Amino acid sequence: MAVSRGFVGRRPADSARVPPGQYVTRDFPVLSAGPTPYTPLDTWDFTVRGLVNRPVSWSWQAFRALPHENITVDIHCVTKWTKLDTTWSGVSLDTLLDAAPTQASYALAFCDGGYTTNVPLADLRGGQAWVVDEYDGQPLDPEHGGPARLLVPHLYFWKSAKWIRGLELRPADEPGFWEMFGYHNYGDPWKEQRYQGD
Ligand SMILES: Nc1nc2c(c(=O)[nH]1)N[C@H]1C(S)=C(S)[C@@H](COP(=O)(O)O)O[C@H]1N2
Ligand SMILES: [Mo]
């Protein structure tokens, strides 16, 4: 019998995909520390700056013209929901970082609205992270970070900065918004690195 996977719900294999302490949800909750910013696309750009010879920026049009990948990944929020098989389209960080040679080891993502989050550069390379501008075949909803957000699915979802405008490359690590308020500096869901000291 042909039954779509969306219809049968949780499969036996799913439990192996759910990190400790997490539960699976079909909803897509919105978690934002402040109001949703609405930046006109004609003033939007994405910039890699900091420890680079010269900052590199892409306008919205230039960003849209970069090669995009379809991505299907599980996402894990520190508030304990996990959403399986989320589908996105976006530009690999490998593509963006190739345009900005650097000696840096860390990145601080910066966003419209002032949110920041820190990620080691090694975690952004190697097909592990994207700047996504579509979710489920549609332009990314502003509440979920549109026009574009970071997607780093192997870390807790607070690292996936919404309304991202760029990366500041740094020789040393520096905590971002939630990391300064007691969230774990790295945030591996499989090690339950939720808060400082975990
Ligand atoms: N700019 C920005 N990015 C953000 C946040 C935020 O408040 N501002 N919240 C983070 C947190 S804590 C989570 S769990 C996810 C939530 O993404 P969602 O609202 O699309 O579910 O976005 C992350 N990225
Ligand atoms: Mo979160």
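All values reported here derive from a predicted model rather than from experimental measurement. Atoms within each ligand, like the ligands themselves, are counted from 1 in listed order.
Ring centers of Tyr115 and Phe110: at least 6.0 Å apart, outside the cut-off. In summary, the aromatic rings of Trp58 and Phe63 are positioned with their centroids too far apart to meet the 6.0 Å limit.
Residues Arg125 and Asp94 are not paired through a salt bridge, judged by the lack of any N-O separation under 4.0 Å between the basic side chain and the carboxylate.
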Legend entry - Derivation and outcome, ring-ring contact (aromatic ring centres under 6.0 Å, His included), residues Phe28 and Tyr135: CA-CA 11 Å; Phe28 195 171; Tyr135 174 76; 5.0 Å; yes
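Taking hydrophobic clusters as Ile, Leu, Val, Met, Phe, Trp and Tyr residues chained together by side-chain heavy-atom distances below 4.5 Å, Leu169 shares a cluster with Val56.
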Anything under 3.5 Å between an N or O on ligand 1 and a protein N or O? List each pair with its distance, or write none.
residue, atom, partner, partner atom, Å
ligand 1, 1 (N), Lys162, O, 2.9
ligand 1, 3 (N), Lys162, N, 2.8
ligand 1, 7 (O), Ala33, N, 2.7
ligand 1, 9 (N), Leu31, O, 3.2
ligand 1, 17 (O), Arg149, NH2, 3.1
ligand 1, 19 (O), Leu31, N, 2.9
ligand 1, 19 (O), Lys162, NZ, 2.5
ligand 1, 20 (O), His144, ND1, 2.6
ligand 1, 20 (O), Arg149, NH1, 2.7
ligand 1, 21 (O), Pro29, O, 2.6
ligand 1, 22 (O), Arg149, NH2, 3.2
ligand 1, 24 (N), Ser160, O, 3.2

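Between Trp158 and Tyr156, the ring planes are parallel. Angles under 30° get that label, and only those over 60° would be called perpendicular.
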